[in-house]
Amino acid sequence: MASQSKPRIVSQRAQNASEATSKNLMWDIMSDVWCPSANPDGYVNVGVAENALMHDELLKFLNRKLELPANYLTYNDGGGGSLRLRKAICQFLDHHLKPVKSLEPGHIIVTNGVSPAIEHASWAFADPGEGILLGRPYYGTFIPDISMRPGTQVVEVAFDDVDPLGIAAVGKYEEALLHFQQSTGKRVRGLMLCHPHNPLGRCYPRETIIGLMKLCQKYHMHLISDEIYALSVFENKVDHDGPPPVEFESALSIDLTGIIDAELVHVLWGMSKDFGANGVRLGVLISQANADVHLALKSISLYSYSSGIADHLAALLLEDKGFTDAYIKENQKRLADSYAYTVDILKREGIEHAPGCNAAFFLWVNLGKRYRELHPGIADTDPVGDRVMQQLLRRRVFLASGELFGAEKDGWFRIVFTQPREYLKEALDRVYAAIRD
């Protein structure tokens with residue numbers, strides 16, 4: 001009797017997702033984190049974009065304030081966020097992002113994190129098989145956020161020797177768009193911008209943002225500006241070469257007249273980065289002139305419903321202008337100090353980093369180059385990124401691999417520097433030991 005294959009018990013898309021997850025070490029590492037006393041054999045994790053520099057200050061505020069009203073145990077105002085929270089977000093972002101047109105609660109959809117907001121944007125703007133442009137290198141989780149469930153194609157944009165944040169990069173986006181459309185017969189429906197940039201830690205100049213807006217207008221595409229690091233900017237006191245740091249300007253702060261239809265511009269923001277609160281799980285999608293987007297996303301808001309507790313906590317925080325102003329100022333100071341400390345060690349150890357950072361939590365570092373210098377027998381054509389990654393894991397330190405972030409060159413990694421000094425020093429010691437081995 002012929003043997004029969006075992007019937008598939010999950011969908012093909014679930015199988016594909018399962019295979020992708022099995023290659024992602026992040027969740028295993030996050031459950032086995034180093035502590036000098038409680039878990040000395042754990043991983044030192046400087047690969048996940050979390051900011052622990054201000055946790056004590058935030059917890060003092062929240063633990064003193066928290067008293068949950070009964071309406072937060074109900075569905076309250078529905079899946080797009082309570083009216084109270086949306087008003088608080090409007091006031092807070094009006095103050096910090098300086099939009100040309102003041103925000104209104106009706107401009108905002110609240111989600112349980114920015115990843116769901118990205119996925120919603122992909123679902124709302126593109127049909128399966130259509131494209132969204134994404135410049136390299138990129139935040140690695142953009143790929144599943146945009147493509148896994150919506151079925152949208154990520155159209156990666158390579159820049160060669162062009163600055164990915166410079167005005168000349170606009171032409172590279174157009175080249176990628178035309179190639180995708182000609183080769184697939186499908187439309188590109190949007191351009192995803194990470195501003196400030198992850199992993200490069202820089203802000204886009206206004207002229208580049210306007211250039212990209214004009215490109216989107218030309219092809220009637222949506223510009224989605226992910227500004228999750230908008231307030232995590234700092235003074236760079238240590239880089240004296242490379243591109244000069246550019247001050248952050250929100251896409252909301254640009255007068256769109258004569259540049260792009262307002263209905264094509266959307267901004268994302270959330271609590272996880274600027275307030276070091278990844279676990280609160282609260283993000284927002286801002287669309288000031290597109291009622292159709294709001295109607296569409298309201299229909300699926302049940303699937304990204306932020307909890308009443310997160311809604312209440314965020315409102316408490318954002319309503320307190322005195323605390324948030326002081327918090328952001330101190331956070332920016334600590335970011336600058338931690339960045340300078342990390343750069344000093346990297347320079348001392350001869351490790352190249354991409355200069356010009358003044359935003360977010362990370363340095364883009366060329367461990368592959370230093371590894372080759374320490375191991376001169378390696379052929380110039382022999383990739384070393386995987387080898388370095390294995391050495392890092394053997395030393396029980398986790399970094400984000402450039403391969404998973406769309407790096408155009410081998411050997412680049414992302415180091416997150418927003419950890420307590422003892423933890424960061426341990427990580428950097430292990431990094432250098434790994435590439436020296």
Peer 1: First locate atom CD1 of Ile118, then atom OG1 of Thr141, and finally report the distance between them rounded to the nearest 0.5 Å.
Peer 2: 8.5 Å
Peer 1: Which heavy atom of Leu93 sits nearest to which heavy atom of Trp269, and what is that distance?
Peer 2: CD2-CD2, 4.0 Å
Peer 1: Is there a side-chain contact between Leu223 and Leu264 in this structure, where contact means two heavy atoms from C-beta onward sitting under 4.5 Å apart?
Peer 2: no
Peer 1: What's the verdict on side chain to side chain contact (heavy atoms under 4.5 Å, CB included) for Ser18 and Val10, showing C-alpha distance, side-chain angles and the deciding distance?
Peer 2: CA-CA 10 Å; Ser18 176; Val10 296; over 6 Å; no
Peer 1: Tell me if the aromatic rings of Phe92 and Phe275 count as close, with their centers under 6.0 Å from one another.
Peer 2: yes
Peer 1: Between Asp320, Leu66, Thr324, which is the residue that forms a side chain to side chain contact (heavy atoms under 4.5 Å, CB included) with Phe61?
Peer 2: Asp320
Peer 1: Assign the ring pair Trp364 / Phe405 to parallel, tilted or perpendicular, where the plane angle (0 to 90°) is split at 30° and 60°.
Peer 2: tilted
Peer 1: Tell me the closest heavy-atom pair linking His95 and Asp325, and the distance in Å.
Peer 2: NE2-OD1, 3.2 Å
Peer 1: Return yes if a side-chain donor-acceptor contact under 3.5 Å exists between His195 and Ser225, otherwise no.
Peer 2: no
Peer 1: Answer yes or no on whether Arg396 is positioned over the face of Tyr43, meaning its NZ or CZ is under 6.0 Å from the six-membered ring centre and within 45° of the axis.
Peer 2: yes
Peer 1: Any non-hydrogen side-chain atom of Glu156 less than 4.5 Å from a side-chain atom of Leu134?
Peer 2: no
Peer 1: More than 12 heavy atoms of other residues, nucleotides or ligands under 6.0 Å from CD of Gln12: yes or no?
Peer 2: yes
Peer 1: Distance check, rounded to the nearest 0.5 Å: Leu53 atom CG versus Asp337 atom CG?
Peer 2: 9.5 Å
Peer 1: Is it the case that Asp77 and Ser82 place a side-chain donor and acceptor less than 3.5 Å from each other?
Peer 2: no
Peer 1: Does the side chain of Asn331 come within less than 4.5 Å of Ile328's, by heavy atoms?
Peer 2: no
Peer 1: Of all the heavy-atom pairs spanning Phe180 and Arg187, show the shortest one and how long it is.
Peer 2: CE2-O, 3.8 Å
Peer 1: Can you name the nearest heavy-atom pair linking Ala169 to Asp163, along with the distance?
Peer 2: CB-O, 3.5 Å
Peer 1: First locate atom SG of Cys203, then atom CD of Glu247, and finally report the distance between them rounded to the nearest 0.5 Å.
Peer 2: 9.0 Å
Peer 1: Is the number of heavy atoms from other residues, nucleotides or ligands within 6.0 Å of CD1 (Ile309) greater than 12?
Peer 2: no
Peer 1: Identify the residue among Leu62, Leu318, Leu68 that makes a side chain to side chain contact (heavy atoms under 4.5 Å, CB included) with Leu313.
Peer 2: Leu62
Peer 1: Should Leu252 and Ile254 count as side-chain neighbours, where that means a heavy-atom distance under 4.5 Å?
Peer 2: no
Peer 1: Are Leu200 and Pro137 packed together at the side-chain level, in the sense that at least one heavy-atom pair is separated by less than 4.5 angstrom?
Peer 2: yes
Peer 1: Consider only side-chain N and O atoms of Asn112 and Ser304, and report whether a donor and an acceptor are under 3.5 Å apart.
Peer 2: no
Peer 1: Evaluate the side-chain proximity of Ser250 to Lys98: yes if any heavy-atom separation is below 4.5 Å, no if none is.
Peer 2: no
Peer 1: With a 4.5 Å cut-off on side-chain heavy atoms, are Ser338 and Leu424 touching?
Peer 2: yes
Peer 1: Does Arg136 pair with Asp160 as a salt bridge, N-O distance under 4.0 Å?
Peer 2: no
Peer 1: Looking just at side-chain N and O atoms, do Thr152 and Ser122 make a donor-acceptor pair shorter than 3.5 Å?
Peer 2: yes
Peer 1: Check Arg206 with Glu249, please: is the shortest side-chain N to carboxylate O separation under 4.0 Å?
Peer 2: yes
Peer 1: Less than 6.0 angstrom separating the ring centers of Tyr138 and His197, yes or no?
Peer 2: no
Peer 1: Quick one about Asp386 and Gln390 (side-chain donor to acceptor, distance below 3.5 Å, no hydrogens or angles considered), yes or no?
Peer 2: no
Peer 1: What I want to check is whether the side chains of Asp274 and His96 have a donor and an acceptor closer together than 3.5 Å.
Peer 2: no
Peer 1: Under a 4.0 Å threshold between the charged nitrogen and the carboxylate oxygen, would Lys273 count as salt-bridged to Glu50?
Peer 2: no
Peer 1: Once you measure the plane-to-plane angle for Phe142 and Tyr139, does it fall in the parallel (<30°), tilted (30-60°) or perpendicular (>60°) bin?
Peer 2: perpendicular
Peer 1: Between the side chains of Asp255 and Thr257, does any donor sit under 3.5 Å from an acceptor?
Peer 2: yes
Peer 1: Regarding Lys60 and Asp56, does a basic nitrogen lie under 4.0 Å from an acidic carboxylate oxygen?
Peer 2: no
Peer 1: Taking ring pair (Phe, Tyr, Trp, His ring centres under 6.0 Å) as the criterion, tell me which of Trp412, Phe417, Tyr229 meets it with Phe362.
Peer 2: Tyr229
Peer 1: What do you reckon, are the aromatic ring centroids of Phe413 and Phe398 less than 6.0 Å apart?
Peer 2: no
Peer 1: Do Arg84 and Glu319 sit within salt-bridge range, that is, some charged N less than 4.0 Å from a carboxylate O?
Peer 2: yes
Peer 1: Using distance alone, with no hydrogens and no angle criterion, decide if Asn278 and Asn51 have a side-chain donor and acceptor under 3.5 Å apart.
Peer 2: no
Peer 1: I would like to know whether Tyr219 and Glu174 meet side-chain hydrogen bond (donor to acceptor under 3.5 Å, both in side chains); could you show each step before the answer?
Peer 2: CA-CA 9 Å; Tyr219 292 98; Glu174 186 166 23; 2.5 Å; yes
Peer 1: Parallel, tilted or perpendicular for Phe234 and Tyr339, by the 30°/60° rule?
Peer 2: tilted
Peer 1: If you round to the nearest 0.5 Å, how far is CG of Leu268 from CG of Asp226?
Peer 2: 5.0 Å
Peer 1: Around atom NZ of Lys214, are there more than 12 heavy atoms from other residues, nucleotides or ligands closer than 6.0 Å?
Peer 2: no
Peer 1: Nearest heavy-atom pair of Cys216 and His222: which atoms, and what distance?
Peer 2: SG-O, 4.0 Å
Peer 1: Can you tell me how far apart CD (Glu263) and OG (Ser287) are? Round to the nearest 0.5 Å.
Peer 2: 9.0 Å
Peer 1: Show your working on side-chain hydrogen bond (donor to acceptor under 3.5 Å, both in side chains) between Arg414 and Asn198 and close with a plain yes or no.
Peer 2: CA-CA 9 Å; Arg414 190 190 73 173; Asn198 176 2; 2.9 Å; yes
Peer 1: Students often mix this up, so state it plainly: with edges at 30° and 60°, are the rings of Tyr423 and Trp34 parallel, tilted or perpendicular?
Peer 2: tilted
Peer 1: In terms of heavy-atom contacts, does CZ of Arg421 have more than 12 from other residues, nucleotides or ligands at under 6.0 Å?
Peer 2: yes
Peer 1: Minimum heavy-atom separation for Asp94 to Leu103, with atom names?
Peer 2: OD1-N, 3.0 Å
Peer 1: Between Leu367 and Ile351, is any pair of side-chain heavy atoms under 4.5 Å apart?
Peer 2: yes
Peer 1: Start with the C-alpha gap between Arg86 and Asp311, add the side-chain angles, then the distance that decides, and say whether salt bridge (Lys or Arg N to Asp or Glu O under 4.0 Å) holds.
Peer 2: CA-CA 9 Å; Arg86 286 181 286 125; Asp311 190 302; over 6 Å; no
Peer 1: Report the distance from atom NZ of Lys333 to atom CD of Glu330, rounding to the nearest 0.5 Å.
Peer 2: 5.5 Å
Peer 1: Just do the salt bridge (Lys or Arg N to Asp or Glu O under 4.0 Å) check on Arg189 and Glu130 with the steps written out, would you?
Peer 2: CA-CA 7 Å; Arg189 294 293 187 178; Glu130 294 184 324; 3.1 Å; yes
Peer 1: For Leu73, I'd like to know if atom CG has over 12 heavy atoms of other residues, nucleotides or ligands within 6.0 Å.
Peer 2: yes
Peer 1: When you look at Asp239 and Val343, which way does the side chain to side chain contact (heavy atoms under 4.5 Å, CB included) test go after all the steps?
Peer 2: CA-CA 8 Å; Asp239 285 335; Val343 168; 4.2 Å; yes
